[in-house]
Amino acid sequence: MKIFTAAQIKACDAYTIKAAGIHSEELMERAAGTCVSWIKEHLPKDTLFVVLCGTGNNGGDGLAITRQLHQHGYGVKAFLLQFSKELSPDCNANMQRLRNIGKELVSVVAPDTFITDIPPHIVLIDAILGTGLSRPITGWVASFINHINQLPNRKIAIDTPSGLPADILPDEDAAILKVQHTLSFQFYKRSFLHPEAAKYAGHIYILDIGLDKTFINATNTQYKTIDQADIAAIYRPRNPFAHKGTFGSVLVAGGSYGKMGAVTLCAKAALRAGAGLVTALVPGYGYHILQTAVPEVMCRTSGERVIEKIDEWEKMNAIGMGPGMGTDAKTIQALAAFIDTCRQPIILDADALNIIAKQPDLMAKLPKGSVLTPHPKEFSRIFGENTNTMIQTDHARIQAMRYNINIVLKGHHTAIITAEGECWYNMTGNAGMATGGAGDVLTGIITGLQAQGYAPHEAAILGVYLHGLAGDFAAKNLSQEALIAGDIIDYLGKAFLTLKQ
């Protein structure tokens, strides 16, 4: 799904109105109707509502929702905050329509006054400010929002929580209404996908209000969320006449004294992702550990306690480096020598990234199309600090294009950034996956997919999606608290089965 800026969404609204030959009021009525349908599906008929409205089009949505809820038999009243002397045309039209039904259904809240004594069982609907917001909220409206935030009531935002910008992240002390549910029209706002803003939006529901598909398809954006259609376009079912050589050979290099679990998980995940043959290059210390833990994996050794040389990789279809590798001087020298000679795309994680942070000149030597899989701190060690996660993601886009590589910036909504600068936000996964070894599993999955002939960016997108989906299945059956990295591997088969459906 494409992620549009606030300006692009406004243009999409305008194009839809013109192309469909409708009035803007009709589009607002349609949007309000989708919200009311969601409410009817999720909340009981005896629910009582207070709808907080602004003077712009978001307030118009709220007034239309108030009228439709009343017409469906719900107990509801709107309060319009008079922070502007004039209402937008569509807001004014819906104000008149609501008053024509019953003047008691709406009250105007004068400046510098507040609503008090709202019983806690009443659901509050936030339609004060929408995506047209261009600056932080101050003064009375900020105080009003902070007052509402103190109330224990359940809160639902229409399109976006009031005060939350769509295209940038807010300051820490910004006045933003914090809700449990956000009913977003047609698209995710990019800010929703970053932790600094997501804490205000709660559970997000994307409501299709019928915006014009021609405009959506023709309008370019570098930001997208990964959906099932994207995955279906990437995934390639197996040829029934194939053999193990068809599905490629993987080399996974990693492990050191006390850190053999990481490379073991990585190698096993590469197999479970479908690679035909997997070889692990480990220190001699880890030979028996790996051969016992994953008998399906072939094993070679280098050094005794740390890897001292990386060789015999030339015939491999995909190479993953880093899990548990350590940053011993001999290992650093071995990785640097490998990067100097390798020309095929490689997957780098964990200590391989830490080595690059210690020797930044290696970045320019990475093979084109390589995949780096840093978490935010690893990214900062290589490329420098950023003030927030959205700026960090945009910084990753710059670096991916600069070095012609792919970057998997790990987080709740992991961002897969291609060498062309496209940014794909992943929507699978859960907090239970914040556990040691989960990143090693992801590296193995991406490496295993690349061995099967997926392009590096395809392997990254599909791998992150499957990794998160397997984690979701594991959490559903085991709980987030009890989930460990090996469970993600165990549920990877179930994730693949969903692709076949």
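Quick note: numbers below take in every heavy atom, side chains included, and nothing from hydrogens, waters or symmetry partners. It should be emphasised that the depicted structure is a prediction, and the values quoted were computed from it without experimental measurement.
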Greater than 12 external heavy atoms within 6.0 Å of [X]'s [atom1]:
| X | atom1 | result |
| --- | --- | --- |
| Glu26 | CD | yes |
| Lys178 | NZ | no |
| Glu172 | CD | no |

Sub-3.5 Å donor-acceptor pair from the side chain of [X] to the main-chain atoms of [Y], do we have one?
| X | Y | result |
| --- | --- | --- |
| Thr393 | Thr389 | yes |
| Asp167 | Ala6 | yes |
| His23 | Glu25 | yes |
| Asn388 | Glu196 | no |
| Gln68 | Leu63 | no |
| Ser380 | Pro376 | yes |
| Asp208 | Gly210 | yes |

Quick one: does [X]'s side chain get under 4.5 Å of [Y]'s, heavy atoms only?
| X | Y | value |
| --- | --- | --- |
| Thr55 | Leu80 | yes |
| Leu87 | Met95 | yes |
| Pro152 | Pro120 | yes |

Taking the six-membered ring for Trp, are Phe4 and Phe215 parallel (under 30°), tilted (30 to 60°) or perpendicular (over 60°)?
-> perpendicular
Under the salt bridge (charged side-chain N to carboxylate O under 4.0 Å, His left out) rule, what do Glu458 and Arg236 come out as? Steps first, then yes or no, please.
-> CA-CA 11 Å; Glu458 292 177 330; Arg236 296 193 290 272; 3.7 Å; yes
Between Asn354 and Glu378, does a side-chain hydrogen bond (donor to acceptor under 3.5 Å, both in side chains) hold up when you go through it step by step?
-> CA-CA 7 Å; Asn354 292 328; Glu378 289 169 336; 4.6 Å; no
Taking the six-membered ring where the residue is Trp, are the ring centres of [X] and [Y] under 6.0 Å apart?
| X | Y | value |
| --- | --- | --- |
| His412 | Tyr425 | no |
| Phe379 | His395 | yes |
| Trp424 | His457 | no |
| Trp38 | Tyr205 | yes |

I'd like to know if [X] pairs up with [Y] as an ion pair, taking the criterion as any Lys NZ or Arg NE/NH1/NH2 lying under 4.0 Å from an Asp or Glu carboxylate oxygen.
| X | Y | value |
| --- | --- | --- |
| Lys18 | Asp212 | no |
| Glu385 | Lys377 | no |
| Asp394 | Arg190 | yes |
| Glu29 | Arg97 | yes |

Could you please spell out the steps behind the side-chain contact (heavy atoms from CB on, under 4.5 Å) verdict for Leu151 and Leu124?
-> CA-CA 10 Å; Leu151 302 179; Leu124 304 181; 4.1 Å; yes
Once you round to the nearest 0.5 Å, how far does [atom1] of [X] lie from [atom2] of [Y]?
| X | Y | atom1 | atom2 | result |
| --- | --- | --- | --- | --- |
| Asp61 | Ile209 | CG | CD1 | 8.0 Å |
| Met363 | Leu366 | CE | CG | 5.0 Å |
| Leu348 | Ile355 | CG | CD1 | 9.5 Å |
| Ile17 | Met28 | CD1 | CE | 9.0 Å |
| Gln71 | Ile101 | CD | CD1 | 4.5 Å |

Starting from the C-alpha separation in whole Å, work towards a yes-or-no answer on side-chain hydrogen bond (donor to acceptor under 3.5 Å, both in side chains) for Asp126 and Ser162.
-> CA-CA 7 Å; Asp126 166 30; Ser162 289; 2.5 Å; yes
Heavy-atom pair with the smallest gap, counting every atom of [X] and [Y]:
| X | Y | answer |
| --- | --- | --- |
| Thr66 | Lys77 | CG2-C, 4.3 Å |
| Ile158 | Asn58 | O-ND2, 3.1 Å |
| Ile122 | Phe49 | CG2-C, 3.9 Å |
| Gln399 | Ile407 | CB-CD1, 4.2 Å |
| Asn426 | Tyr465 | OD1-CA, 3.4 Å |
| Leu492 | Ala269 | CD2-O, 4.3 Å |

I would like to know whether Lys40 and Tyr74 meet side-chain contact (heavy atoms from CB on, under 4.5 Å); could you show each step before the answer?
-> CA-CA 10 Å; Lys40 289 170 63 179; Tyr74 287 91; 3.5 Å; yes
Residue pair Arg154, His121: steps toward the side-chain hydrogen bond (donor to acceptor under 3.5 Å, both in side chains) verdict | CA-CA 8 Å; Arg154 187 177 188 179; His121 65 279; over 6 Å; no
Taking it one step at a time, do Asp90 and Ser88 satisfy side-chain hydrogen bond (donor to acceptor under 3.5 Å, both in side chains)?
-> CA-CA 6 Å; Asp90 289 345; Ser88 72; over 6 Å; no
Looking at Leu211, Thr225, Ile3, which hits side chain to side chain contact (heavy atoms under 4.5 Å, CB included) with Phe187?
->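 Result: among Leu211, Thr225, Ile3, Leu211 is the only option passing the side chain to side chain contact (heavy atoms under 4.5 Å, CB included) with Phe187.
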Can Leu207 and Ser184 be said to form a side-chain contact (heavy atoms from CB on, under 4.5 Å), step by step?
-> CA-CA 6 Å; Leu207 305 186; Ser184 182; over 6 Å; no
Quick one: do Leu177 and Lys155 satisfy side-chain contact (heavy atoms from CB on, under 4.5 Å)? Show the steps, please.
-> CA-CA 9 Å; Leu177 210 152; Lys155 302 175 185 76; 3.7 Å; yes
